[in-house]
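Structure record follows, encoded as structure tokens.
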Amino acid sequence: MAFLNSGAPPPFDAGWRLFFTNLRSYLEHFAGQRVQNVVTMGYTAGSASEVWPVLHRALGLGGHPAVGTEVTLAPDGPAPIAGVVDVANEEFLGVRSAGGLHRIGAEGADGCGVSAYHYFYGEPVDARALTADWQEWLTRLFPVPAGSPEHR
């Protein structure tokens, strides 16, 4: 497989690195299996360095684990996820479980986008219910400010 880009080369930021890590993990561990996605996002004031400690506590972690560490993400609400850390950088924490890839993100220095992306392979899951559970979890951690368009 080759990555071809015409025109100016794109900046190879953390988003692209995560994309290719996800693709490699899919091909190595889940090739040929159907996927169901759960994508949730939020936003909060502050920076990623201020947000990560909140996310770590809310996931039942003592800090940002290293790649290769076995962990159990234990959020209040969504079901726990046990697996091995396969992404650990300043913007993303990724865990590969037996059934999928799970990506938690905190991006930004002056205002921070927070996200929880999950790619479930193989056995069917209730993606709608999981999306609601993870979005509720994120929103409890980082409430939508009153008066914003999302606050309805």
Side-chain angles (χ1 to χ4, degrees), residues 1 3 9-145 150:
M1 179 175 298
F3 176 65
F12 220 69
D13 64 9
W16 275 113
R17 284 191 303 275
L18 182 63
F19 170 81
F20 286 112
T21 297
N22 290 346
L23 179 59
R24 183 175 53 250
S25 291
Y26 165 74
L27 292 171
E28 288 177 6
H29 301 282
F30 305 106
Q33 297 183 46
R34 296 181 60 86
V35 66
Q36 290 179 276
N37 298 321
V38 170
V39 177
T40 60
M41 294 182 268
Y43 183 82
T44 190
S47 66
S49 63
E50 296 167 323
V51 167
W52 274 116
V54 175
L55 288 169
H56 292 141
R57 280 189 303 275
L59 291 166
L61 301 172
H64 217 62
V67 169
T69 304
E70 290 188 18
V71 297
T72 297
L73 304 179
D76 180 21
I81 295 169
V84 63
V85 174
D86 65 341
V87 176
N89 60 45
E90 64 280 351
E91 293 183 340
F92 299 103
L93 171 63
V95 173
R96 185 184 69 248
S97 70
L101 302 174
H102 313 276
R103 289 15 186 154
I104 307 298
E107 304 172 76
D110 188 20
C112 184
V114 291
S115 57
Y117 295 6
H118 305 271
Y119 307 95
F120 291 96
Y121 298 100
E123 294 298 317
V125 298
D126 187 342
R128 185 177 299 224
L130 287 167
T131 299
D133 288 348
W134 279 96
Q135 187 64 59
E136 181 180 315
W137 177 79
L138 267 182
T139 302
R140 275 196 324 269
L141 291 176
F142 308 103
V144 177
E150 297 84 12

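Note that these values count all heavy atoms, side chains included, but never hydrogens, waters or copies made by symmetry.
Across Leu138 and Gly42, no two heavy atoms sit closer than the pair CD1-N, 4.2 Å. Shortest non-hydrogen contact noted between Asp86 and Val95 is OD1-N, 3.5 Å. Minimum interatomic distance between Val35 and Asn37 (heavy atoms only, all atoms of both residues): CG2-OD1, 3.5 Å. The two residues Val51 and Ala106 come nearest to each other via the heavy atoms CG1-CB, 4.0 Å. Considering all non-hydrogen atoms of both residues, Ala88 and Pro65 come closest at CB-O, 3.3 Å. Contact record, Ala109 with Ser47: O-CB, 3.2 Å, taken as the closest heavy-atom pair.
Of the possible donor and acceptor atoms, one in the side chain of Gln36 sits under 3.5 Å from a partner among the backbone N and O of Val125. Looking only at distances, a side-chain donor or acceptor of Gln135 sits under 3.5 Å from a matching main-chain atom of Met41. Thr40 places a side-chain N or O within donor-acceptor distance of the main-chain N or O of Ala116, the cut-off being under 3.5 Å.
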For a quick test of your reading: what N or O donor-acceptor pairs under 3.5 Å do the side chains of residues 72-83 make, sequence neighbours left out?
none

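For the ring-ring contact (aromatic ring centres under 6.0 Å, His included) test, no residue two or more places apart in sequence or in another chain qualifies with His29. When the ring-ring contact (aromatic ring centres under 6.0 Å, His included) test is applied to Tyr121, the partners found at least two apart in sequence or on another chain are Tyr26, Phe30. Under the ring-ring contact (aromatic ring centres under 6.0 Å, His included) criterion, Trp137 pairs with Trp134, not counting sequence neighbours. Looking at residues two or more places apart in sequence or on another chain, you find a side chain to side chain donor-acceptor pair (under 3.5 Å) between Glu136 and Arg140.
Screening Tyr119, Tyr117, Phe120 for a ring-ring contact (aromatic ring centres under 6.0 Å, His included) with His102, the sole residue that qualifies is Phe120. For the side chain to side chain contact (heavy atoms under 4.5 Å, CB included) with His118, the lone residue among Val38, Thr131, Leu101 that qualifies is Val38.
Crowding of Glu123 atom CD: a count of heavy atoms from other residues, nucleotides or ligands under 6.0 Å not exceeding 12.
For the atom pair Leu141 CG and Leu59 CG, the distance stands at 8.0 Å (nearest 0.5 Å).
Within the structure, ring pair (Phe, Tyr, Trp, His ring centres under 6.0 Å) contacts touching residues 55-81 (residues at least two apart or in different chains) are Trp52-His56, Trp52-His64, His56-His64.
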